[in-house]
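Chain identifiers are assigned alphabetically (A, B, ...) following the order of the sequence lines, protein sequences preceding nucleic acid strands; residue numbering begins at 1 within each chain. What you see is a predicted model, and the numbers here were worked out from it, not measured in a lab.
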2 protein chains.
Amino acid sequence: MKSAARALSEDTAETGAQQIRDAIRDAIVERRLSPGTKLSESDVGNLFSVSRTLARAALQALSYEGLVSVEKNRGAFVAYPSPDEARQIFSARRLVEPGILREAAARITPADIKRMRELLLEEGRLMSERGQTARRAEIKASGDFHLMLAAISGNAIVQRFMEELVARSSLVIALYGQSTVSSCGHSEHGDIISAIESNELDRACQLMLHHIAHIEADLDLRERKSLGLREAFEL
Amino acid sequence: MKSAARALSEDTAETGAQQIRDAIRDAIVERRLSPGTKLSESDVGNLFSVSRTLARAALQALSYEGLVSVEKNRGAFVAYPSPDEARQIFSARRLVEPGILREAAARITPADIKRMRELLLEEGRLMSERGQTARRAEIKASGDFHLMLAAISGNAIVQRFMEELVARSSLVIALYGQSTVSSCGHSEHGDIISAIESNELDRACQLMLHHIAHIEADLDLRERKSLGLREAFEL
DNA sequence: GACGGTCAAATTGTATACGATTAATTGCAC
DNA sequence: GTGCAATTAATCGTATACAATTTGACCGTC
């Protein structure tokens, strides 16, 4: 759907920096790049065969999305969200997603529901598969559920906001997630769709809030300071 | 409060591009720059005595906030939100602001209330004054009310989102606003504070929604398509 | 005189170059 | 051998330079 949105606006293809940005973002969201990894401008540039100018632009863009943090005169790193940031991310999701759900439910079409069910199926299929590739695809699919709702809501601004929140959630889960299993309770997605379909709006919102709480509950957000040397050895 | 937030993070002062970005943003929000105005990279660079590199970075940053639109190979322009975009902006505000209000109410301190009351006083004072300078200050103060609530909510992510929404709202009002008077019904701000103070949370939310609806109602969002050539001449 | 195409001016897209800041390594003194 | 200081290497911050694209003008032709 992203390519479609890009196609219709034609020259929104813009500059090559966008492609690099998207590539790096995907790598971060799919957790091929770990939080804290240094992203040197030269390295990024060489990797994509462009100058530092474009690499820098891409990194700047990612910093606006909160996926990388650039420190003055030090460089860019894959963001390493603090426990507090993590809480804020999920707090923001609890704030926004019920509203998105209501908007989406008001505009959803049978075709949309069909596509969402297909996405769910794909998600389930990936869940049962083995291997890193499947795991990464699953991570993406699980986020796509929430993004698709945002897309259906028809509000591009809120949609972009959700894209940021979902991406950053992935980082948080990578850092603080405990269970090895999927980031999202898969069945909960299906329940939400069903509730929407049967017009039980309030219940759908409740399910959504529970779903988010469920994800957050799987995190271990204890403040393990970046280098707790003392405790790391003196235990 | 912005300078305070910047001061404590110290080297978040970052690059000179940030300053340029802020300066242009202020100019847009205070409506010294009209929607559609071209922002040539060279001109911006010369104006601030920096190279095109920094000017470009600043414009890119503003485009992420939706305040300027950069068209490939054509340049950057102060954003000219379409009626549909305008509706999305206010729809997003209706979606987010009640939640912000609830969060803020849960954490607000007497000191916060005092500061907000001071802001309200300042707002009222500016409202009675004459002149462009006062008008611009009033615009800013009226937005600051909503931003302060977001700040009190303690969620930096939601806060940033609100900053974007408020800034873009200013653009929309500049374009489609009808009444010459202030962008926001001033008294409504006071009512909201009072409701929060007396712990009437639901009523505060209702007031907020009405307030937003009130702003939107003052707009003339008839589709005057940028170049409705046909209708413009064939009538 | 109107239409079409070619050319020139201006502006953006990208790359490279240079200065500044930070981090690391080496060397020296203790 | 340890700790500090100065130097070196690497990386970022910014400016400049060149290539590509667009825009408006000029000119010839119909």
Side-chain angles (χ1 to χ4, degrees), chain A residues 6 9-24 28 33-80 226-227 229, chain B residues 6-7 9-24 28 33-80 226-227 229 233:
Chain A
R6 182 154 303 151
S9 49
E10 290 180 338
D11 55 357
T12 309
E14 294 213 19
T15 164
Q18 243 77 349
Q19 294 181 312
I20 299 173
R21 170 172 66 80
D22 292 347
I24 299 180
I28 294 177
L33 283 170
S34 304
T37 303
K38 165 134 201 195
L39 301 173
S40 142
E41 295 178 355
S42 318
D43 291 350
V44 172
N46 291 337
L47 186 56
F48 291 93
S49 304
V50 296
S51 77
R52 261 184 60 215
T53 307
L54 292 190
R56 184 186 181 83
L59 293 172
Q60 283 292 125
L62 288 167
S63 99
Y64 292 123
E65 304 178 25
L67 289 184
V68 320
S69 73
V70 305
E71 300 176 28
K72 180 173 176 174
N73 280 320
R74 293 224 4 178
F77 305 83
V78 179
Y80 196 104
S226 42
L227 290 159
L229 297 173
Chain B
R6 182 154 301 149
S9 48
E10 289 182 339
D11 58 355
T12 308
E14 294 214 16
T15 164
Q18 242 77 349
Q19 294 181 311
I20 299 173
R21 169 172 67 79
D22 292 347
I24 299 180
I28 294 178
L33 283 170
S34 303
T37 303
K38 166 133 199 198
L39 300 172
S40 144
E41 294 178 355
S42 318
D43 291 352
V44 172
N46 290 337
L47 187 55
F48 292 93
S49 306
V50 296
S51 77
R52 262 185 59 216
T53 306
L54 291 191
R56 185 186 180 84
L59 293 172
Q60 283 292 125
L62 288 167
S63 98
Y64 293 124
E65 304 178 25
L67 289 183
V68 319
S69 74
V70 305
E71 301 177 27
K72 179 173 175 175
N73 280 320
R74 294 224 2 173
F77 305 83
V78 178
Y80 196 106
S226 44
L227 291 158
L229 297 174
F233 294 95

(request) Classify the nucleic acid contact of B/Ser40 as base, sugar-phosphate or nothing, counting any heavy atom under 4.0 Å across all strands shown. (result) sugar-phosphate

Separation of atom [atom1] in [X] from atom [atom2] in [N], rounded to whole Å:
| X | N | atom1 | atom2 | value |
| --- | --- | --- | --- | --- |
| A/Phe48 | C/dT14 | CZ | C1' | 17 Å |
| A/Gln18 | C/dG13 | CD | P | 10 Å |
| B/Phe77 | D/dT22 | CZ | C1' | 11 Å |
| A/Leu39 | D/dC12 | CG | P | 10 Å |
| B/Arg56 | D/dG13 | CZ | C1' | 17 Å |
| B/Glu71 | D/dT22 | CD | P | 12 Å |
| A/Asn46 | C/dA15 | CG | C1' | 13 Å |
| A/Lys72 | C/dA20 | NZ | C1' | 11 Å |

Kindly point out which of [options] is positioned nearest to the side chain of [X]?
| X | options | answer |
| --- | --- | --- |
| B/Glu41 | C/dG13, D/dC12, C/dT14 | C/dG13 |
| B/Lys38 | D/dC12, D/dT14, C/dT11 | C/dT11 |
| A/Ser42 | C/dT12, C/dA15, D/dC12 | D/dC12 |

(request) Looking only at non-hydrogen atoms, find the nearest pair between B/Pro35 and B/Ala79 and report the distance. (result) CB-O, 3.3 Å

(request) Look up atom CD1 in A/Ile24 and atom OG1 in A/Thr37, then write down how far apart they are to the nearest 0.5 Å. (result) 11.5 Å

(message) Taking side-chain contact (heavy atoms from CB on, under 4.5 Å) as the definition, give me every residue that meets it alongside A/Thr53, ordered by chain and number, with sequence neighbours left out.
(response) A/Ser51

(message) Need to verify one output field. Residue with the more 5' nearest nucleotide on DNA chain C, A/Ala17 or A/Asn73?
(response) A/Ala17

(request) On DNA chain C, check which nucleotide each of A/Arg74 and A/Val50 is closest to and give me the residue with the more 5' one. (result) A/Val50

(request) Take A/Leu39 and A/Leu33 through the side-chain contact (heavy atoms from CB on, under 4.5 Å) test and state the conclusion after the steps. (result) CA-CA 10 Å; A/Leu39 301 173; A/Leu33 283 170; 4.3 Å; yes

(request) Starting from the C-alpha separation in whole Å, work towards a yes-or-no answer on side-chain contact (heavy atoms from CB on, under 4.5 Å) for B/Val68 and B/Ile28. (result) CA-CA 9 Å; B/Val68 319; B/Ile28 294 178; 3.9 Å; yes

(message) Less than 4.0 angstrom between a side-chain N/O of A/Arg52 and OP1 or OP2 of C/dA15, yes or no?
(response) no

